[in-house]
Amino acid sequence: MIKVDDEVISDKTIAYEMLLNGYEVDEEMSLRKGQMYTMTVIANNSIGFVHHYIIDHWVAGTNSQGEPYNREQIFSADGKLLWDSYNE
């Protein structure tokens, strides 16, 4: 899923097999200074938890591009936040 600020721009389902071989995102979008771009991988596990991995982010017009930003959140099947690596 790709968001700009809090608006979902792209939400695609990608088969697990495609991820194993590598998956490339080749999209361009215009952002205004200060807008935040985030790319999140969402995966469901076998016991019903939903894992959100923020794998990329940057803020237009700043030097934050390319800085590591690995954040994981785990939700229950009904959407309740169970764990957030940001709070560790």
Side-chain angles (χ1 to χ4, degrees):
M1 173 174 48
I2 296 173
K3 286 185 177 181
V4 173
D5 295 332
D6 290 324
E7 182 182 346
V8 175
I9 302 299
S10 176
D11 189 6
K12 297 179 182 177
T13 300
I14 303 165
Y16 181 71
E17 294 77 20
M18 290 178 68
L19 291 175
L20 291 176
N21 295 322
Y23 184 81
E24 184 175 322
V25 176
D26 186 18
E27 297 181 22
E28 291 185 26
M29 63 185 66
S30 298
L31 299 176
R32 294 183 313 276
K33 185 175 181 177
Q35 285 187 302
M36 178 181 268
Y37 165 95
T38 57
M39 182 183 296
T40 305
V41 172
I42 301 171
N44 301 322
N45 70 16
S46 62
I47 58 174
F49 293 150
V50 181
H51 299 257
H52 289 220
Y53 300 95
I54 298 175
I55 59 169
D56 191 19
H57 89 292
W58 56 277
V59 178
T62 68
N63 291 328
S64 70
Q65 289 86 336
E67 293 179 6
Y69 188 77
N70 298 314
R71 180 177 183 184
E72 179 183 6
Q73 296 175 306
I74 302 173
F75 295 86
S76 63
D78 64 358
K80 180 181 176 188
L81 179 63
L82 302 174
W83 184 76
D84 188 339
S85 66
Y86 187 74
N87 295 323
E88 289 295 305

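Numbers here simply count residues along the sequence, with the first being 1.
The structure places OG1 of Thr40 at 5.0 Å from CE of Met1, a figure rounded to the nearest 0.5 Å. The CD1 atom of Ile9 sits 8.5 Å away from atom CD1 of Ile2, with the distance rounded to the nearest 0.5 Å. Going from atom CE of Met36 over to atom CH2 of Trp58 covers 11.0 Å, rounded to the nearest 0.5 Å.
The two residues Ser30 and Gln35 have their closest heavy-atom pair at O-OE1, 4.5 Å. Nearest heavy-atom pair across Arg71 and Ser85 is CA-OG, 3.5 Å.
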When the side chains of residues 41-55 are checked against the rest of the protein, which donor-acceptor pairs come out under 3.5 Å, sequence neighbours left out?
residue: Asn45; atom: OD1; partner: Ile47; partner atom: N; Å: 3.1
residue: Asn45; atom: OD1; partner: Gly48; partner atom: N; Å: 3.1
residue: Asn45; atom: OD1; partner: Phe49; partner atom: N; Å: 2.9
residue: Asn45; atom: ND2; partner: His51; partner atom: NE2; Å: 3.1
residue: His51; atom: ND1; partner: Glu72; partner atom: OE2; Å: 2.9
residue: Tyr53; atom: OH; partner: Glu72; partner atom: OE2; Å: 3.4

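Both Leu31 and Met39 are assigned to one and the same hydrophobic cluster, defined by single-linkage of ILVMFWY side chains at heavy-atom distances under 4.5 Å.
Under the salt bridge (charged side-chain N to carboxylate O under 4.0 Å, His left out) criterion, Lys12 pairs with Glu27, sequence neighbours left out.
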